[in-house]
Amino acid sequence: MAQEVLLGLFDNLEATTAVLRDLERQNIPDRNIEVMSNVPYAPKVLGRRPTRQWPFLPFVLAGVLGGLAIALFIVVITPRLYPIIVGGQPLTPFPPSAIIVFEFVALGAMAGGFIGFLLQNRYPVLVRQMYDPRISEGYIGVAVRADDQAADSVADIFAAHNAHDVVREDAARYPVQSRRFLAFWAGLAVVGLLALLAPLLLTYNIIDIPWFNQMRESPSIGFQEGPRRAAPAESIPIQGPVLINGQPATEPLPASEESLQRGQLLYEVNCAICHGMQGNADGSMTKYFPEAPVLTTDRVSGMADQEIFMIITLGRNRMPSLAENLTVNETWDVVNYVRALREAGQ
Ligand code: HEC
């Protein structure tokens with residue numbers, strides 16, 4: 001049975017209300033009637049039943065739950081997948097987590113509310129709609145979808161209430177919104193869900209991109225492994241801590257020939273001005289540091305290597321710290337040489 005769409009234009013509210021009443025008497029279902037005007041009349045004003053709308057709040061709540069789920073995934077699951085152990089415990093810091101949860105819940109509520117608003121207003125309009133520009137100029141349009149027989153009586157009703165104009169067209173040109181509308185939203189839901197879930201393929205290594213995400217998995221050569229690569233040009237050599245717990249961090253170097261030779265050079269540059277070339281406290285600066293002691297005494301040879309190391313590194317009273325002048329190994333070389341001074345003097 002072919003259908004028609006009829007559009008009647010009326011110039012006042014009373015006529016429109018009367019038309020709607022007569023249409024109801026003709027058993028034209030309410031969902032087949034559409035009233036268009038440039039003033040938004042509430043259905044009650046036109047004597048119609050209030051339109052059924054999508055409820056708004058459930059959309060906001062669904063958005064909140066969705067946002068919460070995403071936030072909990074980021075905050076709870078991700079750190080479990082990639083644990084950073086701090087103090088024996090996996091790291092799930094509270095304040096940043098709270099911010100993430102808040103942000104995603106707020107975002108979800110907004111997105112849910114927005115979608116709810118669109119659905120309530122039956123957006124987007126995806127089909128051609130019966131319309132007449134005169135509606136924008138103040139006429140009230142009543143569009144009715146009816147099958148052929150009913151269409152004639154609808155036209156009669158329009159005429160009986162002094163319709164300014166009646167347009168009749170084949171309903172096939174104006175498809176019903178609902179099916180495309182549902183398809184649009186179902187499609188959007190599917191696409192949205194896929195977009196949300198796609199990153200999980202990476203997270204759970206279903207799509208496995210060979211890339212390290214832990215520092216210990218990154219290519220490196222441990223200090224105990226050889227052969228070691230040469231340090232890149234212009235790299236800065238660094239050494240470990242000089243002191244640990246106030247004690248030398250390293251063991252003394254053996255007093256080899258080479259160590260003693262290096263120690264002598266370094267002693268003559270750094271120490272001799274105060275302590276003298278042979279450790280006899282007769283350097284060029286000794287008169288300004290009369291406390292600078294002779295270094296060939298029993299007192300000095302009774303000292304542990306570590307103690308001399310500490311004096312050189314930290315200084316003592318008016319003797320300055322020489323840590324900036326000597327590296328750790330150089331300091332041990334000097335310690336060896338200070339011991340050798342006494343043997344050389346004997
Ligand atoms: C600016 C002068 C000066 C320089 C340079 C200097 N010292 Fe001294 N050194 C002193 C003074 C002053 C003392 C005495 C500190 C005190 O009052 O305990 C001293 C004390 C020492 C002592 C302790 C001796 C003892 O009997 O207690 C040692 C060991 C020593 N110096 C080694 C060195 C070495 C090794 C160097 C070079 C790496 C060096 N010093 C560079 C001034 C100097």
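Numbering of residues begins at 1 and proceeds along the displayed sequence. Every number for a ligand or one of its atoms is a count from 1 in the order of the listing. All values reported here derive from a predicted model rather than from experimental measurement.
A salt bridge does not link Glu330 to Arg262: none of the charged side-chain nitrogens sits closer than 4.0 Å to a carboxylate oxygen. Ion pairing between a basic and an acidic side chain is recognised when a charged N comes within 4.0 Å of a carboxylate O; Asp282 and Lys287 show no such pairing. A salt bridge links Arg25 and Asp22; the closest N-O separation between the charged side-chain nitrogens and carboxylate oxygens is under 4.0 Å.
Numbered from 1 in the order shown, with element, the atoms of ligand 1 that lie under 4.0 Å from a heavy atom of Met303 read 25 (C), 27 (O). Which parts of ligand 1 touch Val338 is read off a 4.0 Å heavy-atom cut-off, strictly below it: atoms 35 (C).
Counting heavy atoms from C-beta on, the side chains of Met285 and His275 never come closer than 4.5 Å.
Listed by first and then second residue, the ring-ring contact (aromatic ring centres under 6.0 Å, His included) pairs that reach into residues 105-126 come to none, sequence neighbours excluded.
For atom 17 (O) of ligand 1, the closest heavy atom belonging to the protein is Asn317 ND2, 3.0 Å. Nearest protein heavy-atom contact of atom 26 (O) of ligand 1 is Arg299 NE, 2.9 Å. Among protein heavy atoms, the minimum distance from atom 5 (C) of ligand 1 is reached at Asn270 O, 3.2 Å.
In this structure Phe94 satisfies the side chain to side chain contact (heavy atoms under 4.5 Å, CB included) test together with Ala98, sequence neighbours excluded.
Hydrophobic cluster membership for Tyr41: Leu6, Phe10, Leu13, Val19, Leu20, Leu23, Ile28, Ile33, Val35, Val39, Val45, Leu46, Ile140, Val142, Val144, Val154, Ile157, Phe158, Val166 (Ile, Leu, Val, Met, Phe, Trp, Tyr linked by side-chain heavy atoms under 4.5 Å, directly or transitively).
Distances from atom 8 (Fe) of ligand 1 under 2.8 Å pick out these protein N/O/S atoms: His275 NE2, Met319 SD.
Phe56 CZ: more than 12 foreign heavy atoms inside a 6.0 Å radius.
Of all the heavy atoms of Val300, the ones lying under 4.0 Å from any atom of ligand 1 belong exclusively to the side chain. Using a 4.0 Å cut-off between heavy atoms, Val335 makes no contact with ligand 1 at all.
Side chain to side chain, Asp333 and Ser259 meet the donor-acceptor criterion of an N or O pair below 3.5 Å.
Using a non-hydrogen distance threshold of 4.0 Å, Glu307 does not register as a contact of ligand 1.
Counting only distance, with no hydrogens or angles, the side chain of Ser301 and the backbone of Asp298 share a donor-acceptor pair below 3.5 Å.
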